[in-house]
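Only this structure's heavy atoms are used, side chains among them; waters, hydrogens and symmetry mates stay out.
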Amino acid sequence: MDPKNIIICRCSDVTLADLFELFDEGYTSFEELKRIARVGMGPCQANTCGKMVQWEISKYFKKPLEEIPFHNMRPLTLGVKLRAIKEAAEDEE
Amino acid sequence: MIEKDGVPSLNQVKAEFPTLETLEKPKAIIECYKRIPCNPCETSCPFDAITVGEDINDRPRIDFDKCTGCGICVYNCPGLAITVSQIKGEEVHLKIPYEFTPLPEKGKRVNVMNRSGEVITQGTVTKVQAGKKQNKTALIHLSIPKEYVYEAITIEVSHGS
Amino acid sequence: MKNKAKIVIIGGGISGASIAYNLAEKGETDVVVLERHYLTSGATGRCGAGVRQQWGTKMNCLIAKKSIEFFEKAEEILDYDDVEFKQEGYLIVGSDEEEDELFEKNVKLQQSLGIPAKKLTPEEAKEIVPHLNTDGVYSATFCKTDGHLNPFLMTDAYYKAAKRRGVEFYTETEVTGIDVENGEIKGVKTDKGYIECEIVVNAAGGYAKQIGEMAGVDIPVFSQNREILVTEPIERMQDPMVISFSKNIYCQQTPHGAFIMGRGDNREAGLSVESTWKFLDEMAKTVTNLLPPVGELRVIRQWGGLYNMSPDRQPIIGGTDEVKGFYMACGFSGHGFMFGPMTGVLISELILGEEPSMPMEELELSRFDGKDVEAYETNVV
Amino acid sequence: MRIKEHPILELAEKPPIPFYFNGKKLYGIEGDTIASALHANGVKKLSESIHLKRPRGFYCAIGNCASCNMVVDGEPNVRTCITPLKEGMRVENQQGKGHIHAK
Amino acid sequence: MQNKEAIVIGGGPAGLTAAFELLQAGASVCLIDRNERLGGQLTKQTHMFFGSEKQYASHRGIDILEILTNALGKYGNKLEILTQTTVVGMYRDKVLACVKGDKFFKLKGEKIVFATGASEKALPFENNDLPGVYAAGAVQTLMNEYGIKPGEKVLMVGSGNIGLIVSYQLMQAGVEVVGLVEAADRIGGYLVHASKIKRLGVDILTKTSVKRAIGKESVEAAEIWDLDEQWQGIEGTERTLEVDTICVAVGLAPLTELLQQMGVKVQYVREFGGNVPVLDENYQTSVEGVYACGDLVNIEEASSAMVEGRIAGINAARSLGYDVENADFRIKALHHELKDLRGGPPGDKVRKGLKKLGVAT
């Protein structure tokens with residue numbers, strides 16, 4: 001299979017080939033990959049790619065999945081317009 | 001092998017059948033080959049012919065003496081794993097569950113399939129039960145040549161158009 | 001893991017990586033960097049990614065200016081593809097006459113140091129950021145060579161350059177103690193083993209005080225949670241960072257397209273980096289007022305990070321007579337990322353006994369000795 | 001591609017909803033999301049990915065994956081798989097990250 | 001910000017039963033679901049359920065949904081239902097950030113029951129992002145909620161119950177299932193489901209996987225290949241199937257983002273496909289007053305989810321100070337139901353996973 005055509009992160013267009021390259025460069029954790037390649041940092045918040053990234057790390061470094069820490073979960077899970085947040089805050093005042 | 005392709009072996013199938021003499025009366029054939037947590041066959045049978053028992057994961061056992069071949073278990077089985085068979089002369093009368101549209105009409109000739117999904121013969125639809133009781137799992141009555149008693153399992157789906 | 005090194009740097013953020021690089025570049029390669037999680041997992045990776053020279057003290061201006069000069073050539077110097085450095089300016093907007101006076105003073109200072117900052121009318125500010133709401137804006141300042149820099153990539157560039165020169169980095173390695181005997185550094189205890197060393201550099205960001213305590217040095221800093229949010233990416237619509245001290249906000253669009261913004265709400269001292277809904281509310285109210293169209297963007301993520309605050313809001317860079325071999329690069333008060341290059345230069349000069357590139361008195365810990373110091377850098381969000 | 005008859009589900013006839021896709025008038029039905037209406041009209045490509053410009057359609061259909069983002073009435077990054085279709089909506093393939101307009 | 005006595009997040013099988021138990025005990029409930037209709041996966045489940053009468057076995061999922069929602073009906077004055085509402089943020093002070101359409105609002109709950117379910121995993125293969133490559137749940141949504149066929153010819157990937165059931169549902173919708181591939185050496189789901197599609201002519205190919213999707217703007221074909229003992233594709237075994245849809249049913253992962261945002265203790269359990277909250281025997285998480293049930297705590301059938309919802313609901317009601325009739329007896333009986341449902345071979349994985357969490361089974 002050609003890893004260049006395998007999309008891991010749809011939001012940031014990160015391919016499996018990109019991940020392999022990063023693995024070879026020494027990035028071994030999800031958090032590092034997020035920061036260097038923006039994998040999992042898009043609007044879907046790693047919802048689609050998260051498990052695939054974890055799996056690929058596990059396979060590449062031959063470590064059990066249990067030892068691959070999952071990435072940090074930060075709010076929000078779905079994009080919300082700043083205007084909507086402002087309107088709600090003003091309504092409450 | 002059923003674990004690999006979903007097809008039970010002939011021996012597995014035959015083990016669920018009563019003797020051919022017994023089949024002169026309609027009997028339910030339960031093809032539930034693996035333990036799963038499920039017992040509507042037991043609870044739906046008005047004649048107490050089917051037993052799953054204390055452990056809901058046990059495979060159902062049927063008492064052919066009690067089974068009348070009414071077919072209630074057929075449309076109550078979530079796995080659509082029960083049929084009713086009866087040998088009448090040179091023919092087998094088969095009741096199968098069917099959940100496709102359109103429903104075949106009485107008298108229609110239909111392609112009959114085996115457990116591998118191959119057309120093995122043709123049969124005639126003799127009755128269609130699709131009332132409220134069946135709750136959208138119609139009971140199709142078929143008449144097919146006797147020799148297919150262990151093979152015939154369903155009919156080919158026709159989508160009308 | 002090495003069990004012996006000359007220098008151990010605690011903290012894998014921009015400061016630690018820059019110090020390591022500068023030491024190695026000058027030939028001192030017996031250096032280990034310890035990072036509790038992954039590189040940039042602390043304040044560096046949580047910062048607002050802005051770099052500016054418009055400060056209110058001479059010291060901060062100088063450090064910032066020299067750091068920007070480095071950033072301009074960083075890719076070349078460190079042999080790195082792209083650190084996403086974009087000099088599209090910082091637009092600082094003020095609300096009243098009082099702030100205007102401060103701007104006047106600051107710009108004069110900045111210009112005297114060769115920083116190309118200038119004062120603007122609200123109308124001129126609007127020319128630079130057309131969607132700026134100038135209601136309530138009294139005046140502004142702008143410096144076109146300020147801008148944006150990707151903290152992850154910049155740190156990565158330092159990390160790789162240092163690594164190529166022989167520095168070792170141990171991530172997921174937590175410092176549990178520092179061995180000091182007769183006022184001298186002997187080694188560092190970690191959860192992965194002991195490292196014997198002569199010199200320890202405290203570049204632990206938000207945890208600098210705790211590291212100081214391990215060495216028996218009382219550093220007058222405290223940490224505070226500061227929150228940030230980021231939006232979905234959008235095509236380019238805002239060039240400079242827009243910042244206001246009186247409105248307590250900063251907001252810029254990154255080269256990638258996402259808007260990143262934060263506030264400087266004063267919080268209790270502590271080590272929590274919790275995200276709060278209150279921040280979300282306050283941020284939304286401020287930014288939609290100052291930059292109305294940004295209100296149409298969706299927030300996709302929020303987080304918190306630590307500002308390590310010093311009494312005068314200027315960094316603490318230097319050693320201490322109390323413990324020989326213990327150096328500090330902390331108390332950056334929210335701008336440690338943009339000062340990264342000079343932090344590395346100065347600490348390496350001190351360790352290697354070179355003449356410092358700038359006067360150090362105002363940066364040394366001893367400046368606080370017996371004094372009640374007030375925050376005199378007030379230009380902080 | 002709408003299912004005409006179904007053995008289990010009752011698919012009631014629903015009133016049509018006109019909308020525009022890339023300027024072309026199409027019809028969905030009441031109860032549709034933007035993505036379901038487009039799919040019923042045979043439209044599978046909803047956007048182009050931001051860097052590699054790969055065609056994208058929906059993937060999860062429940063608002064998780066952001067793969068179905070489109071420009072709707074001028075607004076980019078609308079998750080069309082969970083946004084109800086409304087009469088007269090102007091839906092366009094999203095190319096790039098999109099532009100916003102102040103309201 | 002509105003204060004609520006009890007908030008249930010997720011109106012699927014677990015959430016519906018949890019809400020019912022809370023209401024029956026006398027509590028006021030705010031039930032939140034992101035879809036237009038309550039029911040979660042039940043809204044798409046046209047097949048009959050397994051289990052026993054206690055879990056409405058032999059009823060179709062869509063009919064069970066009606067039973068469960070009807071049961072809520074008589075508590076109308078104490079029940080507030082917020083549909084098309086997504087909880088997007090969960091903060092440490094038990095404040096929920098919610099979105100409904102264009103509106104954003106916040107709620108605070110005294111007790112919160114999480115029943116957010118699971119999301120589908122994706123699969124890495126060439127052109128896995130091509131339009132026409134859909135998650136199985138998406139295909140179900142399209143067919144059973146909107147009455148739309150995903151395509152005319154489908155390749156199903158994965159032989160768990162979801163892959164098998166959705167294959168059958170595709171056929172019911174008049175779509176041809178060209179084949180079903182499974183990477184493991186045996187079928188993952190119930191054999192009765194497998195036999196049901198096999199006898200209708202669907203080829204089930206174990207130790208086989210999808211290598212790539214082919215097509216310009218959407219799927220025009222799929223290339224599949226055999227896998228070796230290391231689960232790697234074997235060069236030279238590729239063959240092309242003419243399909244316009246590739247349906248991915250390779251498992252579920254619990255949706256624990258919100259719990260993790262508020263700092264609930266979670267543990268990675270491979271059997272459950274991801275991080276799951278660590279619970280006490282009352283289905284309470286590490287944060288006081290926050291409960292969890294259903295697929296979110298372990299990937300199982302909806303029958304078990306309904307039972308777990310009841311346990312969590314009863315416990316949440318008790319912690320609010322309500323007297324639940326026969327509570328101890330009922331909870332014991334419910335645990336017994338779970339034990340029954342998990343007792344056979346399909347429960348092996350669940351029991352193994354629960355054991356890792358220190359839960360007695």
Check [X] against [Y] and note the closest heavy-atom contact, atom names and distance.
{"X": "B:K4", "Y": "E:I204", "result": "O-CG2, 3.8 Å"}
{"X": "E:F49", "Y": "B:P78", "result": "O-CG, 3.1 Å"}
{"X": "E:P346", "Y": "B:I36", "result": "CG-CG2, 3.8 Å"}
{"X": "E:M48", "Y": "B:C77", "result": "CE-O, 3.4 Å"}
{"X": "E:L200", "Y": "B:I155", "result": "CD2-O, 4.0 Å"}
{"X": "E:S58", "Y": "B:N76", "result": "OG-O, 2.8 Å"}

query = side chain to side chain contact (heavy atoms under 4.5 Å, CB included) with E:R199: which of B:I96, B:N114, B:I153?
reply = B:I153
Between [X] and chain E, which part of the residue has a heavy atom less than 4.5 Å away: side chain, backbone, both or neither?
{"X": "B:E31", "answer": "backbone"}
{"X": "B:S44", "answer": "neither"}
{"X": "B:N135", "answer": "both"}
{"X": "B:I2", "answer": "both"}

request  = Find the distance between OG (E:S52) and CD1 (B:I56) and round it off to the nearest 0.5 Å.
outcome  = 4.5 Å
query = Rounded to the nearest 0.5 Å, how far does OG1 of B:T137 lie from CZ of E:R60?
reply = 4.0 Å
message = For E:Y168 together with B:F100, are the ring centres under 6.0 Å from each other?
response = yes
ask   = Around B:E147, counting heavy atoms of other residues, nucleotides and ligands shown, do more than 12 lie under 6.0 Å from its CD?
value = yes
message = Is it the case that over 12 heavy atoms from other parts of the model lie below 6.0 angstrom from the CD atom of E:E242?
response = no
task = Among the options E:D63, E:L205, E:I187, pick out the one with the most heavy-atom pairs lying under 4.5 Å from chain B.
result = E:I187
note = Bottom line for E:D203: the part with an atom under 4.5 Å from chain B's heavy atoms is neither
query = Where does E:L191 contact chain B at under 4.5 Å (heavy atoms): side chain, backbone, both or neither?
reply = side chain
query = Highest number of heavy-atom pairs under 4.5 Å with chain E: which of B:E99, B:E54, B:R35?
reply = B:E99
